[in-house]
Amino acid sequence: MKVWQVTRLGEPADVLSLQEVEAPAPGPGEIRVRVRATAANFPDVLMIRGQYQVQPPLPFVPGVEICGDVVAIGEGLTHLEVGQRVAGMASMPHGGFAEEALLQGLFAMPVPEKVSDEHAASLTIAYQTGWFGLHRRAHLQEGEWLLVHAAAGGVGSAAVQLGKAAGARVIGVVGGPDKVEVARRLGCDEVVDRRSEDVIARVKEITGGKGVDVVYDPVGGEAYQQSTKCVAFEGRIVVVGFASGEIPSPSLNHALVKNYSILGLHWGLYASKDPMSLLECHQELVRMLEAGTIEPLVSETVPLEDLPDALTRLGAGETTGRVVLVP
């Protein structure tokens with residue numbers, strides 16, 4: 001089978017190598033799938049660079065969010081059958097940027113017939129991160145103001161839809177007029193273009209000086225600093241990631257004076273700390289997807305040979321929504 005393999009760390013276009021390898025045998029608790037679609041994520045880029053908090057041993061095949069057909073089942077799994085279409089998380093180092101991959105069997109869920117491969121592959125990381133961030137960490141309430149940074153991106157677009165589904169009023173922050181239109185189509189009540197507008201002033205204007213109740217921040221750096229200046233009394237800032245490349249150092253005296261909370265979210269920890277919550281979240285997201293409450297924004301699908309270019313553009317912040325590999 002063909003796979004994109006990482007044998008040394010660096011930029012995707014420099015270190016990804018298309019190889020022919022033997023299909024991996026699933027170990028206990030694993031399944032092997034024939035890949036239908038794999039959604040690309042910013043953590044994939046970080047993993048290839050060696051900058052992610054989890055680093056598989058070299059060589060490895062990246063791509064962690066997969067939809068595929070079960071072709072082999074490892075020991076200890078009884079809820080799946082060969083031939084089923086499932087979605088789930090890769091069992092690294094045998095990721096989904098390949099023709100076949102290994103999945104963690106416990107978290108592999110059957111995909112309803114009406115759900116497309118691309119949507120199924122896009123439902124796990126961004127939407128589960130959004131769900132846990134907004135509901136379990138920030139306890140977002142109907143009618144509250146939610147500010148989403150990078151609202152036209154893969155993680156941000158999911159948070160926008162989940163926020164609207166919860167009854168929040170959503171302000172999206174994006175970079176550039178094209179992304180402004182994307183954010184509006186996603187359902188943002190207000191959109192701020194950080195390239196041409198003063199984010200802090202606009203947010204205060206939109207909220208009548210009150211500020212926002214919840215901030216969803218996958219960017220870090222300047223975006224985080226802006227958040228601290230426009231978060232409301234008893235507001236909550238959910239720290240999801242650092243796509244800007246800059247990890248901010250919070251001034252805790254500022255959090256004390258303004259009475260706001262800084263909430264960290266490492267979604268991957270739930271797999272070991274509370275695995276059943278992941279299954280329950282997946283079932284709720286599938287229900288929302290079937291009901292039309294959410295719909296992953298798949299901006300483009302790419303064939304296997306075009307993956308390095310797609311990951312380069314994703315890492316540079318040049319893509320919108322989800323980019324999905326279709327082998």
Side-chain angles (χ1 to χ4, degrees), residues 4 11-13 16 35-48 62-68 87 95-97 111 114-131 148-165 170-188 191-195 216-219 223 240-241 243-244 285-286 288-289 292-327:
W4 280 107
E11 291 300 320
L16 281 168
V35 176
R36 286 174 172 261
T38 300
N41 292 276
F42 190 66
D44 293 319
V45 177
L46 294 179
M47 197 177 291
I48 293 168
V64 295
E65 197 173 11
I66 303 167
C67 172
F97 294 147
V111 178
K114 294 181 180 179
V115 177
S116 72
D117 298 334
E118 293 82 3
H119 283 175
S122 303
L123 199 60
T124 303
I125 293 178
Y127 281 89
Q128 288 227 5
T129 300
W131 179 266
V148 179
H149 289 286
V155 173
S157 61
V160 168
Q161 293 184 354
L162 289 168
K164 290 299 295 180
V170 181
I171 303 171
V173 178
V174 299
D178 292 345
K179 293 187 176 182
V180 168
E181 292 306 312
V182 171
R184 291 195 190 281
R185 292 199 301 271
L186 284 166
C188 287
V191 183
V192 180
D193 185 348
R194 60 177 173 79
R195 294 182 181 174
Y216 190 81
D217 180 16
V219 178
V240 183
S244 67
L285 291 173
V286 169
M288 296 174 72
L289 183 61
T293 310
I294 60 174
E295 181 179 354
L297 173 62
V298 178
S299 60
E300 58 182 300
T301 58
V302 298
L304 197 64
E305 58 269 20
D306 291 347
L307 176 71
D309 173 69
L311 289 179
T312 296
R313 290 186 289 108
L314 189 156
E318 297 173 358
T319 61
T320 59
R322 307 309 305 274
V323 177
V324 180
L325 173 76
V326 180

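Nothing fancy with the numbering, it's 1 onward along the sequence. These figures come from a predicted structure and were not determined experimentally.
Residues passing the side-chain hydrogen bond (donor to acceptor under 3.5 Å, both in side chains) test with Asp306, sequence neighbours excluded: none. Every side-chain contact (heavy atoms from CB on, under 4.5 Å) that Gln128 has, sequence neighbours left out, goes to Phe132, Trp267, Leu278, Cys281, His282, Leu285. Glu295 is linked by a side-chain contact (heavy atoms from CB on, under 4.5 Å) to His119, counting only residues two or more places apart in sequence or in another chain. A search for ring-ring contact (aromatic ring centres under 6.0 Å, His included) contacts involving Trp4 returns nothing, not counting sequence neighbours. By the salt bridge (charged side-chain N to carboxylate O under 4.0 Å, His left out) test, Asp309 pairs with Arg313, sequence neighbours left out. In terms of the salt bridge (charged side-chain N to carboxylate O under 4.0 Å, His left out) criterion, Glu305 has no residue partners (sequence neighbours excluded). For Ala165, the side-chain contact (heavy atoms from CB on, under 4.5 Å) test picks out Met288, Thr293, with sequence neighbours left out. By the side-chain hydrogen bond (donor to acceptor under 3.5 Å, both in side chains) test, Asp44 pairs with no residue at all, sequence neighbours left out. A search for side-chain contact (heavy atoms from CB on, under 4.5 Å) contacts involving Ala37 returns Asp117, Ala121, Val324, not counting sequence neighbours.
Of all heavy-atom pairs spanning Val286 and Leu123, the tightest one is CG2-CD2, 3.9 Å. Nearest heavy atoms, Thr312 versus Pro12: OG1-CB, 4.5 Å. Nearest heavy-atom pair, Ala87 versus Val111, reported as atom, atom and distance to 0.1 Å: N-CG2, 3.6 Å. Residues Pro218 and Val240 come closest through the heavy atom pair CA-CB, 4.0 Å. The heavy-atom pair separating Pro308 from Ala13 by the smallest distance is CB-CA, 4.1 Å. Shown here for Trp131 and Leu162, the closest heavy-atom pair between the two residues is N-CD1, 3.5 Å.
The distance from atom CD of Glu118 to atom OG of Ser299, rounded to the nearest 0.5 Å, is 11.5 Å. To the nearest 0.5 Å, the span separating CZ on Phe42 from CD1 on Ile125 amounts to 13.0 Å. The structure places CZ of Arg36 at 14.5 Å from CG of Leu325, a figure rounded to the nearest 0.5 Å.
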List the steps and the verdict of side-chain contact (heavy atoms from CB on, under 4.5 Å) for Asn41 and Glu65. CA-CA 8 Å; Asn41 292 276; Glu65 197 173 11; 2.9 Å; yes
Could you please spell out the steps behind the side-chain contact (heavy atoms from CB on, under 4.5 Å) verdict for Val155 and Tyr216? CA-CA 10 Å; Val155 173; Tyr216 190 81; 3.7 Å; yes
Verify side-chain contact (heavy atoms from CB on, under 4.5 Å) between Val170 and Val148, making sure each step is shown before the conclusion. CA-CA 7 Å; Val170 181; Val148 179; 4.1 Å; yes
side-chain contact (heavy atoms from CB on, under 4.5 Å) assessment of Val191 paired with Ile171: CA-CA 6 Å; Val191 183; Ile171 303 171; over 6 Å; no
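Counting only heavy atoms from C-beta outward, the side chains of Leu289 and Lys114 never approach each other to under 4.5 Å. Side-chain contact between Pro43 and Val64 is absent, with no heavy-atom pair separated by less than 4.5 Å. Considering only heavy atoms from C-beta on, Phe97 stays 4.5 Å or farther from Val35 through its side chain.
One finds no salt bridge joining Glu318 and Lys179 here, because no Lys/Arg side-chain nitrogen approaches an Asp/Glu carboxylate oxygen to under 4.0 Å.
The backbone N or O of Gly154 lies less than 3.5 Å from a partner atom in the side chain of Ser157, making a donor-acceptor pair. Between the Arg322 side chain and the Ser122 main chain, a donor and an acceptor come within less than 3.5 Å of each other. The backbone N or O of Gly63 sits nowhere less than 3.5 Å from a side-chain atom of Thr38 that would complete a donor-acceptor pair. Looking only at distances, a side-chain donor or acceptor of Asp193 sits under 3.5 Å from a matching main-chain atom of Arg195.
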Show every donor-acceptor pair shorter than 3.5 Å between a side-chain atom in residues 180-188 and any protein atom, with sequence neighbours excluded, or say none if there are none.
none

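For residues 151-165, the salt bridge (charged side-chain N to carboxylate O under 4.0 Å, His left out) pairs, not counting sequence neighbours, are Lys164-Asp189.
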